[in-house]
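For reference, the structure discussed in these notes is given below.
All values below come from the heavy atoms of this structure, side chains included, with hydrogens, waters and symmetry mates left out.
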Amino acid sequence: YGRFGIDYNDANDRAVNAVPSTTITSRLRLQFDMSTETDGGVVLGARTRAQIESRDNAPGIGAFNGARFYASYGGFTLGVGNIIGAIENMPGLYLETRTAGTGIDGAGFVSLVTNVSNEYFNWDAYSSGLGGGGANGVEVLYTSGAFNGHLSYSTNNGAVAVDRAAVGVSYTFGDWTAALAAQDTDELWGDKVAVSIAGDLGQYGVRLAYADNEGISKWGLYGNMDIGAASNVLVWVTEEDAVSAADVLAGRGDNRDTALLDRGEGTSYGIHYSYDLGGGASFEAGWRESSADNTTVQAGVYFSF
Amino acid sequence: YGRFGIDYNDANDRAVNAVPSTTITSRLRLQFDMSTETDGGVVLGARTRAQIESRDNAPGIGAFNGARFYASYGGFTLGVGNIIGAIENMPGLYLETRTAGTGIDGAGFVSLVTNVSNEYFNWDAYSSGLGGGGANGVEVLYTSGAFNGHLSYSTNNGAVAVDRAAVGVSYTFGDWTAALAAQDTDELWGDKVAVSIAGDLGQYGVRLAYADNEGISKWGLYGNMDIGAASNVLVWVTEEDAVSAADVLAGRGDNRDTALLDRGEGTSYGIHYSYDLGGGASFEAGWRESSADNTTVQAGVYFSF
Amino acid sequence: YGRFGIDYNDANDRAVNAVPSTTITSRLRLQFDMSTETDGGVVLGARTRAQIESRDNAPGIGAFNGARFYASYGGFTLGVGNIIGAIENMPGLYLETRTAGTGIDGAGFVSLVTNVSNEYFNWDAYSSGLGGGGANGVEVLYTSGAFNGHLSYSTNNGAVAVDRAAVGVSYTFGDWTAALAAQDTDELWGDKVAVSIAGDLGQYGVRLAYADNEGISKWGLYGNMDIGAASNVLVWVTEEDAVSAADVLAGRGDNRDTALLDRGEGTSYGIHYSYDLGGGASFEAGWRESSADNTTVQAGVYFSF
């Protein structure tokens with residue numbers, strides 16, 4: 001897919017970080033999926049993506065990301081390589097927008113209850129970027145009717161093993177889906193438990209999510225509504241607790257607000273508007289205010305091909 | 001497309017720059033174009049290229065370049081990202097060869113009147129290379145009958161804004177096309193005004209071009225002729241003026257010839273021969289002598305697929 | 001194609017080189033071939049690959065490798081760029097497995113008689129990797145009935161020319177193919193002569209190969225057998241001679257075993273099992289013990305798409 005638009009971010013300022021506050025944000029993603037089926041009915045496949053992005057007025061080039069390989073049979077799927085991850089794959093974690101966040105490029109994804117303080121995206125997830133090949137893990141997914149289960153595991157190179165293990169389960173009953181995911185890791189401050197319940201009520205959608213991020217709680221409440229035939233408006237608010245003083249002493253990032261500093265503790269909120277243009281294209285716009293007093297406004301188009 | 005051939009360049013010498021004077025020059029370009037159309041008739045699309053080159057006996061690998069996104073409706077097109085640029089897109093700027101220059105890889109494109117002294121390609125242009133994502137700009141193109149207009153703008157990151165704004169217009173009357181393009185930029189020595197008039201007279205083609213490159217004038221005269229059913233010969237000559245002494249004092253590159261040094265000032269000329277092999281392939285050969293006393297001779301094949 | 005599996009390598013140990021001894025090994029390769037034919041019947045074409053690998057728990061990203069260009073007419077083919085190379089292309093050099101080596105990723109390709117001591121892959125070969133664009137050479141291939149001939153040449157940049165020239169010939173008579181290839185190079189210890197004879201006897205395959213790697217001889221004996229409709233078992237053994245003391249004094253790598261060190265001198269052996277799963281997929285497993293006392297065991301799947 002492709003997407004491009006205008007990004008206003010009040011954290012960007014030529015005088016401060018040499019980036020204009022208003023920039024073009026864009027992404028072009030080419031996805032390559034391939035598979036074959038053995039005589040025994042096992043599907044073997046792989047996925048890789050080439051993605052070209054421009055953020056903060058820094059255009060990038062594209063390369064192929066780390067590949068995810070899989071073998072699936074019946075309701076079971078075994079994945080290896082650049083795995084999806086059980087936290088990442090949890091229903092009711094990301095926003096119900098085409099960008100899975102606010103605006104055109106997600107605007108930092110502050111709406112996720114598993115992103116707190118300076119600990120963002122500290123779980124295994126399919127990585128599309130150039131920074132490396134992503135996680136190098138193993139995972140098992142199981143689907144049976146309304147039930148989904150997911151186990152994932154990865155380990156890094158190093159003299160001491162640093163593992164990430166995660167489990168996720170979800171169940172859909174009627175219009176409602178409940179989900180739970182948890183991660184146990186040797187990484188500092190990386191243990192997580194997240195729960196969500198989401199209702200898809202025709203014209204309306206509502207969702208409540210909560211995560212305990214090794215002591216930092218974050219709540220999220222999300223609602224969206226179709227307006228007419230082509231429009232949808234989504235609003236969200238999250239509340240992030242302060243880190244404990246003991247953790248900060250032990251070296252954890254400090255998200256506590258002070259009289260002078262507005263850090264990550266507190267309330268974030270945002271609004272997103274989508275208008276379907278037909279032909280797989282839509283106009284997308286979003287504004288969000290993070291709990292660390294960062295404002296972004298984005299508007300642009302998003303199209304599939 | 002693909003192209004490969006032999007390049008003789010007298011600026012290459014194992015004893016001087018460790019590159020053999022005769023090398024293989026090649027390029028393989030894969031272009032990915034994608035688009036969709038909204039219900040309202042707006043076409044949204046993007047282009048990216050992966051290009052693998054070998055020049056001066058240094059083979060490269062390929063990645064996807066920065067993407068150009070566009071939205072077009074009627075005669076208007078809005079482009080963002082790795083834009084084409086109004087100078088780059090000017091009719092009558094590049095040679096009328098398949099390589100847009102002399103020989104197989106363009107041979108430095110000394111035939112362009114906007115390339116002078118050590119100031120080559122100092123305008124916004126769609127970039128296919130690995131060096132970066134290209135310009136990160138915005139442009140508007142308008143076409144109506146015989147008239148074409150183009151406005152482009154880009155800015156770089158940095159504490160001080162360094163912008164490039166360019167405008168181009170062209171008009172075709174019968175066999176002749178007149179074009180004018182200009183660039184205004186905060187970059188040193190980057191302002192340009194270029195004009196051209198080209199005639200396509202069946203078997204013959206003639207073109208005259210001129211550019212004022214912030215004080216350095218360059219003239220170019222170009223002629224080509226079809227010979228028989230499959231051959232075409234093109235000859236060209238350019239004349240580049242000297243930079244002013246005041247500009248050199250102010251830090252501008254010096255192109256003035258001296259008794260000992262043959263620098264960029266003066267006359268460049270070249271000849272290019274093309275033979276159509278059918279099936280989208282052709283034999284291409286070119287020889288050119290630059291005003292800085294650099295000789296290159298190239299011959300090879302060029303093919304589409 | 002894609003392939004992924006488990007790799008146990010006793011040279012990997014978190015305490016020694018920070019890599020777990022058991023890791024995932026995987027590769028996804030996308031190959032892009034393109035060609036066109038001129039009116040005169042010459043085929044012009046090019047090949048590039050994008051390949052994503054994970055070895056030793058280090059996942060990589062993918063880019064396009066250096067391209068190989070070719071022009072072929074009748075039995076002749078001229079190749080330039082990332083050439084195949086006459087040694088690389090010799091019949092009877094690589095194993096008769098889908099991976100061309102033992103296991104899932106070739107397991108170091110110790111089965112090749114042209115790989116000795118610390119001098120592995122010191123010949124021109126089509127390179128799929130990210131490390132560079134591969135060789136930048138020229139080659140001519142000729143095929144006529146049962147006869148194949150191959151000449152290749154490449155040179156590197158540098159003040160002094162360092163060339164590699166290689167020649168290969170092979171002839172097939174009935175079930176048997178005999179091949180000879182040789183390389184002459186300015187690189188230290190890079191001259192090689194290799195011969196092989198291979199018989200494809202229906203259910204059985206046998207092969208004998210020998211190379212003189214500028215003084216280090218290596219013999220290889222290989223046999224494989226179909227078992228039932230879908231299985232094949234291959235066994236191999238090689239014997240590598242010691243380097244001469246004079247060469248070691250002159251700076252060549254030392255492969256001689258001592259009382260304390262088991263280096264490359266001596267016997268390597270391995271076994272590989274393949275089971276056809278249908279649909280272009282197969283299960284592949286291999287174990288090999290190198291003459292330098294390195295054990296690897298690999299098992300996984302390999303599939304085309």
Side-chain angles (χ1 to χ4, degrees), chain A residues 1-7 9 12-32 48-65 104 128-130 229-230 275-284 299-305, chain B residues 30-52 60-73 78-83 124 126-139 153-163 186:
Chain A
Y1 66 82
R3 68 181 195 202
F4 61 94
I6 293 288
D7 172 41
N9 184 340
N12 287 333
D13 183 339
R14 278 192 188 276
V16 176
N17 69 351
V19 178
S21 57
T22 301
T23 59
I24 292 166
T25 183
S26 66
R27 176 188 283 174
L28 178 64
R29 177 182 285 176
L30 305 174
Q31 184 157 302
F32 297 79
T48 186
R49 288 174 180 164
Q51 180 165 302
I52 303 125
E53 287 204 333
S54 177
R55 284 181 196 247
D56 291 341
N57 204 29
I61 60 169
F64 291 97
N65 71 341
I104 281 291
S128 304
L130 282 176
Y275 183 84
D276 186 353
L277 298 167
S282 60
F283 172 79
E284 306 279 336
V301 291
Y302 193 109
F303 57 102
S304 305
F305 43 78
Chain B
L30 306 173
Q31 184 157 302
F32 297 77
D33 283 303
M34 49 230 95
S35 65
T36 188
E37 185 169 348
T38 70
D39 294 347
V42 177
V43 176
L44 296 168
R47 162 173 294 184
T48 186
R49 289 174 178 162
Q51 180 166 301
I52 303 125
I61 60 169
F64 292 98
N65 70 341
R68 177 178 184 260
F69 298 89
Y70 65 88
S72 64
Y73 184 78
L78 167 75
V80 304
N82 190 355
I83 57 171
D124 284 334
Y126 186 78
S127 163
S128 304
L130 281 176
N136 199 29
V138 184
E139 63 186 348
Y153 171 80
S154 73
T155 188
N156 292 340
N157 282 339
V160 176
V162 178
D163 301 335
D186 299 322

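For B:T36 (side chain) and A:G279 (main-chain N/O), a donor-acceptor pair under 3.5 Å exists by modelled atom type.
For A:V301, the part lying near chain B is the side chain, with the backbone staying farther off; criterion is any non-hydrogen pair under 4.5 Å. There is no contact between A:D13 and chain B, counting heavy-atom distances below 4.5 Å. Contact annotation for A:T23: neither backbone nor side-chain heavy atoms come within less than 4.5 Å of a heavy atom of chain B.
The two atoms that bring A:L28 and B:A46 nearest to each other are CD1-CB, 3.6 Å, heavy atoms only. Of all heavy-atom pairs spanning B:T38 and A:L277, the tightest one is CB-O, 3.2 Å. The minimum heavy-atom distance linking A:P20 with B:N157 is given by the pair CD-OD1, 3.1 Å. For A:G62 against B:A63, the heavy-atom pair with the smallest separation is O-CB, 3.1 Å.
Taking CD1 of A:I52 as the reference point, atom CZ of B:F64 lies at 6.5 Å (rounded to 0.5 Å). Taking CE of B:M34 as the reference point, atom CZ of A:F303 lies at 8.0 Å (rounded to 0.5 Å). In this structure, CG on B:N82 lies 11.5 Å from CD1 on A:I61, to the nearest 0.5 angstrom. Taken from CZ in A:F305 to CG in B:D33, the straight-line distance is 10.5 Å, to the nearest 0.5 Å.
Every pair passing salt bridge (Lys or Arg N to Asp or Glu O under 4.0 Å) that includes a residue from residues 16-30 of chain A is listed here, sequence neighbours excluded: A:R27-A:E53.
Ring geometry for A:F4 versus B:F69: interplanar angle of 30 to 60°, hence tilted.
Using a 4.5 Å cut-off on side-chain heavy atoms (C-beta onward), A:L30 and B:T48 make contact.
For the residue pair B:T155 / A:R14, a side-chain donor-acceptor distance below 3.5 Å is found, with atom types taken as modelled.
For B:F32, the CZ atom counts as densely surrounded, since its 6.0 Å shell holds more than 12 non-hydrogen atoms of other residues, nucleotides or ligands.
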